[in-house]
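The first residue of the sequence shown is numbered 1, and numbering continues consecutively from there.
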Amino acid sequence: MRELFKDEVRELGRELGLPDGFVGRHPFPGPGLAIRIPGEVTKERCDILRKADAIYLEEIRAAGLYDAIWQAFAVLLPVKTVGVMGDSRTYDSVCALRAVTSTDGMTADIYPFDAGFLSRVATRIVNEVRGINRVVYDYTSKPPGTIEWE
């Protein structure tokens with residue numbers, strides 16, 4: 001199975017009768033939490049990433065875009081930045097968002113979210129996820145980048 005490409009894994013899942021909600025989930029097959037945390041992987045960083053990822057996917061579903069995207073996920077970068085929350089400065093992590101369209105995973109284009117969508121997601125993540133004060137969107141196609149960040 002490890003020799004299969006992403007589209008082949010999804011097709012195998014369908015042939016095995018796995019539910020569409022599982023076979024079509026983001027990211028599947030794709031990067032688990034540990035490889036979406038470049039640098040040190042800790043329980044705290046995993047918890048932060050889980051919360052950010054849940055918000056991102058919730059907003060994608062609410063916008064009716066879930067099935068139009070091949071894979072979407074958040075990445076917790078090993079970078080801290082200065083921010084402002086209320087009257088205080090923060091020094092917290094950066095969250096990168098990734099969403100691509102593809103047919104087979106061998107090449108991919110970025111999903112062209114509108115600015116309002118990205119602004120809404122970034123605002124929610126910064127306001128609701130303690131430990132993140134900046135959100136960026138990965139605008140790199142494959143190639144030259146990969147879909148994942150590992």
Counterpart residues, side-chain hydrogen bond (donor to acceptor under 3.5 Å, both in side chains), relative to [X] (two or more places apart):
X	value
Thr107	none
Asp92	none
Ser102	none
Asp47	Lys43, Arg50

Output all residues satisfying salt bridge (Lys or Arg N to Asp or Glu O under 4.0 Å) with [X], sequence neighbours left out; order by chain, then residue number.
X	answer
Asp104	none
Glu128	Arg124
Arg14	none

Interatomic distance, Ile110 atom CD1 to Asp138 atom CG [nearest 0.5 angstrom]: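 If we round to the nearest 0.5 Å, Ile110:CD1 and Asp138:CG are 9.0 Å apart.
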Look up atom OG in Ser93 and atom CG in Leu76, then write down how far apart they are to the nearest 0.5 Å.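 With rounding to 0.5 Å, OG (Ser93) is 4.5 Å from CG (Leu76).
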Donor-acceptor check, side chain of Asn127 to backbone of Thr123, threshold 3.5 angstrom: yes or no?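 It does hold such a pair.
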Whether Arg98 side chain and Ile147 backbone form a donor-acceptor pair below 3.5 Å: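 Judged by distance alone, yes, a pair lies under 3.5 Å.
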Which atom of [X] lies closest to which atom of [Y], heavy atoms considered:
X	Y	answer
Tyr56	Val121	CD1-CG1, 3.9 Å
Pro38	Val75	CD-CG1, 3.8 Å
Val129	Ala52	CG2-N, 3.8 Å

Run the side chain to side chain contact (heavy atoms under 4.5 Å, CB included) test on Arg45 and Val41 for me, step by step, so that the C-alpha distance in whole Å, both residues' side-chain angles and the decisive distance to 0.1 Å come before the verdict. CA-CA 6 Å; Arg45 291 176 56 77; Val41 177; over 6 Å; no
Got a sec, which residues hit side-chain contact (heavy atoms from CB on, under 4.5 Å) with [X], two or more places apart in sequence or on another chain?
X	value
Leu118	Phe113, Tyr137
Thr101	Asp109, Tyr111
Glu44	Thr42, Ile48
Val135	Cys95, Leu97, Ala122, Ile125, Val126, Ile132

One pair to check against side chain to side chain contact (heavy atoms under 4.5 Å, CB included): Ile60 and Leu57. What are the steps and the verdict? CA-CA 5 Å; Ile60 287 172; Leu57 294 177; 4.2 Å; yes
Check ring-ring contact (aromatic ring centres under 6.0 Å, His included) between Tyr91 and all other residues, then give those that pass, not counting sequence neighbours.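 If we apply the ring-ring contact (aromatic ring centres under 6.0 Å, His included) test to Tyr91, skipping adjacent residues, there are no hits.
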Would a single hydrophobic cluster contain both Val82 and Leu77, if residues Ile, Leu, Val, Met, Phe, Trp and Tyr are joined by side-chain heavy-atom contacts under 4.5 Å?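 Different clusters: Leu77 never reaches Val82 through Ile, Leu, Val, Met, Phe, Trp or Tyr contacts under 4.5 Å.
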Within a 6.0 Å radius of atom NZ on Lys142, are there more than 12 heavy atoms belonging to other residues, nucleotides or ligands?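 It does: Lys142 NZ has more than 12 such atoms within range.
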Applying side chain to side chain contact (heavy atoms under 4.5 Å, CB included) to Arg130 and Lys51, what does each step give before you reach the verdict? CA-CA 9 Å; Arg130 186 172 180 178; Lys51 291 173 187 171; over 6 Å; no
